[in-house]
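What follows is a single structure, written as C-alpha cells, with notes after it.
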Amino acid sequence: MVVEANYHSRDSVTYKYMHDFPISDVTLTYPELSRRMHAPGKGVVFAVYYSILAAFGVPANIVTIVILSKGGCGLSKCITRYLVFMTVSDLLTIITAVILSQLRAIYFPVSFLSTTPACSVVIALSFASIDTSVWLTVAFTFDRFLAICCQQLKQRYCTEKTAAVVIGSILVFGYLKNVPFYFEFEPIYIIDNVPWFCSLKDVIYTSVVWKVYEWLHRIFNPCLPFFLILFLNVLTVRHIQAASGARRRLRAHSNGDKQSDPEMESRRKSIILLFAISGSFTLLWLTSVLNFLFVQITANNYADGSNSNDPRFIFQESGYMLQLLSSCTNTCIYAGIQTKFRQQLKDAVKYPFTLVVKWLKRWT
C-alpha cells in the first residue's frame with residue numbers, strides 16, 4: 001500500500017491511499033490519527049529480528065514438542081505435560097503474534113488479514129496464546145515449588161492427572177478471557193461492503209467497563225505472573241538452602257562427607273530446570289513490566305505511531321521484542337540442561353541428512 005502524507009497544519013494530516021484502494025482522501029486530526037494508527041515497528045531492524053525469530057522459533061518449538069511427547073528425557077509425566085503445553089503455547093505465540101501480526105504488517109501490509117474481522121481474530125489469538133504461555137509457566141513453577149518445598153502436598157498435587165486439569169483450565173480461561181479483544185475494534189473504512197483494518201472503538205476510552213477490563217488484563221498479564229514467579233522462586237531458594245544444609249550435616253554425621261546423594265542430585269537437576277525456565281521468563285519480561293509500571297506511575301500514555309526517535313516507543317517495542325523472544329528460549333534451555341533431550345535433539349537434526357545419505361547410497 002502506498003501512503004502519501006500531506007501536512008496542512010500542525011494539527012491535521014491528510015492520508016491518500018493509492019493503488020490498493022480507489023477511495024477519496026481521508027482527513028483525520030493528528031491526535032485521532034495517532035490514537036488509531038498505532039503500528040508495529042517497521043524497518044530493517046524489526047524485519048530482520050522478527051524474521052529470525054520466526055525462522056528459529058517455529059521449527060525449534062515443533063521439534064521440542066515431538067521430543068518431549070515421545071518421552072525418554074528422564075522427566076516425570078507431570079513435568080513433561082507442563083513443558084509440552086508450554087511449548088505448544090509458545091509455538092502459537094510465534095505464529096499469531098510474530099508471523100500473522102508483525103511480519104504480515106511488514107511484508108504484506110494489505111492482505112486478507114488486513115480486513116477487520118481477520119485482524120481482530122489475530123489480535124485476540126495473540127493475546128490468548130501469550131496469556132496461556134505465561135500462566136503455564138506460573139503453573140509449572142508452582143508445581144515445582146510444591147514438589148520441592150511441600151512434600152505432604154507433592155503426592156496429591158504433582159501428578160499427571162492434576163497437571164492435565166490445571167493445563168485444561170488455563171487454556172479454557174486464557175482463551176475465554178481474551179474474547180472481548182475481538183469486539184474492541186471497528187474498521188477504519190469500508191470498501192465494497194468489506195471492512196478494512198482495525199481501529200479501537202471510541203467507547204474503549206470512555207467506558208468504565210472497558211477500562212476495568214483493560215486493568216484486569218494488565219494485572220493478569222504481566223504483573224501478577226511476574227511477581228508470583230519471583231515470590232515462588234524466593235520461597236524455593238530459602239527452602240533449598242535450609243534443607244540442603246540440614247541434609248549435609250545429617251549425612252556427614254552418619255556416612256561421611258564423601259558419600260554421594262542420589263536424591264540431592266535428582267533434586268538439583270529439577271531445580272536447575274525450574275530456575276532456568278522461570279529466570280529466563282523473568283528477565284525477558286522485565287522490560288515490559290517496567291514499561292507498564294512507568295506508564296501507570298507517571299500517568300503517561302503508551303507510545304503512539306511507529307516513531308523510532310521516541311524513547312517511549314523504543315522502550316515499549318524493546319519490551320515487546322524481548323517478550324516474544326521468550327517464546328523461543330525453552331528449547332535452548334532444555335538442550336543445555338537435559339542430556340537426554342540434547343541427544344534426541346542431535347538425532348532429530350541428523351535425521352534428514354541420514355535419509356539423504358541412505359537415498360544416495362540406494363541409487364549409486
Side-chain angles (χ1 to χ4, degrees), residues 1 39-70 73 83-114 118-119 121-134 136-137 276-277 279-281 283-288 306 308 313-314 316-338 341-357 359:
M1 179 173 64
K42 296 182 179 180
V44 176
V45 174
F46 294 102
V48 172
Y49 178 82
Y50 287 120
S51 296
I52 294 175
L53 202 61
F56 174 78
V58 171
N61 282 315
I62 291 175
V63 170
T64 300
I65 292 168
V66 173
I67 293 175
L68 291 174
S69 299
K70 290 171 60 179
C73 293
L83 298 185
V84 166
F85 280 92
M86 286 164 59
T87 310
V88 170
S89 294
D90 288 342
L91 176 61
L92 293 176
T93 299
I94 294 294
I95 293 173
T96 56
V98 177
I99 297 176
L100 298 183
S101 182
Q102 299 294 328
L103 292 180
R104 192 274 309 164
I106 293 172
Y107 294 110
F108 306 100
V110 178
S111 65
F112 166 75
L113 294 177
S114 302
C119 172
V121 168
V122 169
I123 291 172
L125 289 177
S126 297
F127 279 120
S129 58
I130 291 172
D131 272 4
T132 54
S133 177
V134 169
L136 285 171
T137 303
I277 293 175
S280 170
F281 169 84
L283 290 175
L284 293 176
W285 276 78
L286 179 60
T287 305
S288 291
S306 182
S308 59
F313 174 79
I314 296 173
Q316 180 174 301
E317 288 300 312
S318 297
Y320 191 58
M321 292 166 75
L322 291 173
Q323 171 187 322
L324 292 178
L325 178 61
S326 66
S327 300
C328 298
T329 55
N330 284 351
T331 300
C332 300
I333 291 172
Y334 304 153
I337 295 175
Q338 297 291 322
F341 179 90
R342 184 164 58 249
Q343 184 57 50
Q344 292 194 45
L345 182 61
K346 290 179 181 178
D347 294 340
V349 172
K350 293 178 182 177
Y351 184 71
F353 300 99
T354 303
L355 288 180
V356 172
V357 171
W359 183 84

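What's counted below: heavy atoms across the whole structure, side chains too, no hydrogens, waters or symmetry copies.
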With sequence neighbours excluded, what pairs up with T132 under the side-chain hydrogen bond (donor to acceptor under 3.5 Å, both in side chains) test?
S89
Checking the side chain of S129 only, and the main-chain atoms of S126 only, is there a donor and an acceptor separated by less than 3.5 Å?
yes
Does Y49 reach the side chain of L325, with side-chain heavy atoms less than 4.5 Å apart?
yes
Going by the rule side chain to side chain contact (heavy atoms under 4.5 Å, CB included), which residues pair with I95 if we only count those two or more places apart in sequence or in a different chain?
L91, L100
Starting at OG1 of T287, measure out to CG of L322 and round the result to the nearest 0.5 Å.
5.0 Å
Does the side chain of R104 reach to within under 4.5 Å of the side chain of V122, using non-hydrogen atoms?
no
Minimal heavy-atom distance between P109 and S114, with the atoms involved, is O-OG, 2.9 Å
State, with a plain yes or no, whether a side-chain heavy atom of I333 is found less than 4.5 Å away from one of N330.
yes
Checking side-chain contact (heavy atoms from CB on, under 4.5 Å) between L53 and each of I99, V48, V98, which is the one that passes?
V98
Close side-chain approach of F56 to C332, heavy-atom, < 4.5 Å:
yes
Show your working on side chain to side chain contact (heavy atoms under 4.5 Å, CB included) between V134 and F281 and close with a plain yes or no.
CA-CA 8 Å; V134 169; F281 169 84; 3.8 Å; yes
Rounded distance (nearest 0.5 Å) linking atom CE of M321 with atom CD of Q102
9.0 Å
Please determine whether side chain to side chain contact (heavy atoms under 4.5 Å, CB included) holds for the pair Y50 and L324, giving the CA-CA distance in whole Å, both sets of side-chain angles, and the decisive distance to 0.1 Å.
CA-CA 9 Å; Y50 287 120; L324 292 178; 3.7 Å; yes
Looking at SG of C73 and CG of L83, how far apart are the two atoms once the value is rounded to the nearest 0.5 Å?
9.0 Å
Minimum heavy-atom distance L103-A47, with the two atoms named
CD2-O, 4.3 Å
Partner residues of L345 under the side chain to side chain contact (heavy atoms under 4.5 Å, CB included) criterion, sequence neighbours left out
V63, I67, A335, F341
Value for CE (M86) from OG (S327), rounded to nearest 0.5 Å, stands at 10.5 Å
Please list, chain by chain and in numerical order, all residues satisfying salt bridge (charged side-chain N to carboxylate O under 4.0 Å, His left out) with D131, sequence neighbours excluded.
K177
Only counting residues at least two apart or in another chain, list the ones meeting side chain to side chain contact (heavy atoms under 4.5 Å, CB included) with Q323.
I130, W285, S288, Y320
If every non-hydrogen atom of P59 is compared with every non-hydrogen atom of A54, which pair is closest and at what distance?
CD-O, 4.0 Å
Which pair of non-hydrogen atoms, one from S326 and one from T329, has the smallest distance, and what is that distance?
O-OG1, 3.3 Å
In Å and rounded to the nearest 0.5 Å, what is the CZ to OG distance from F46 to S51?
12.5 Å
Please list, chain by chain and in numerical order, all residues satisfying side chain to side chain contact (heavy atoms under 4.5 Å, CB included) with T87, sequence neighbours excluded.
N61, T64, I65, L68, Y334
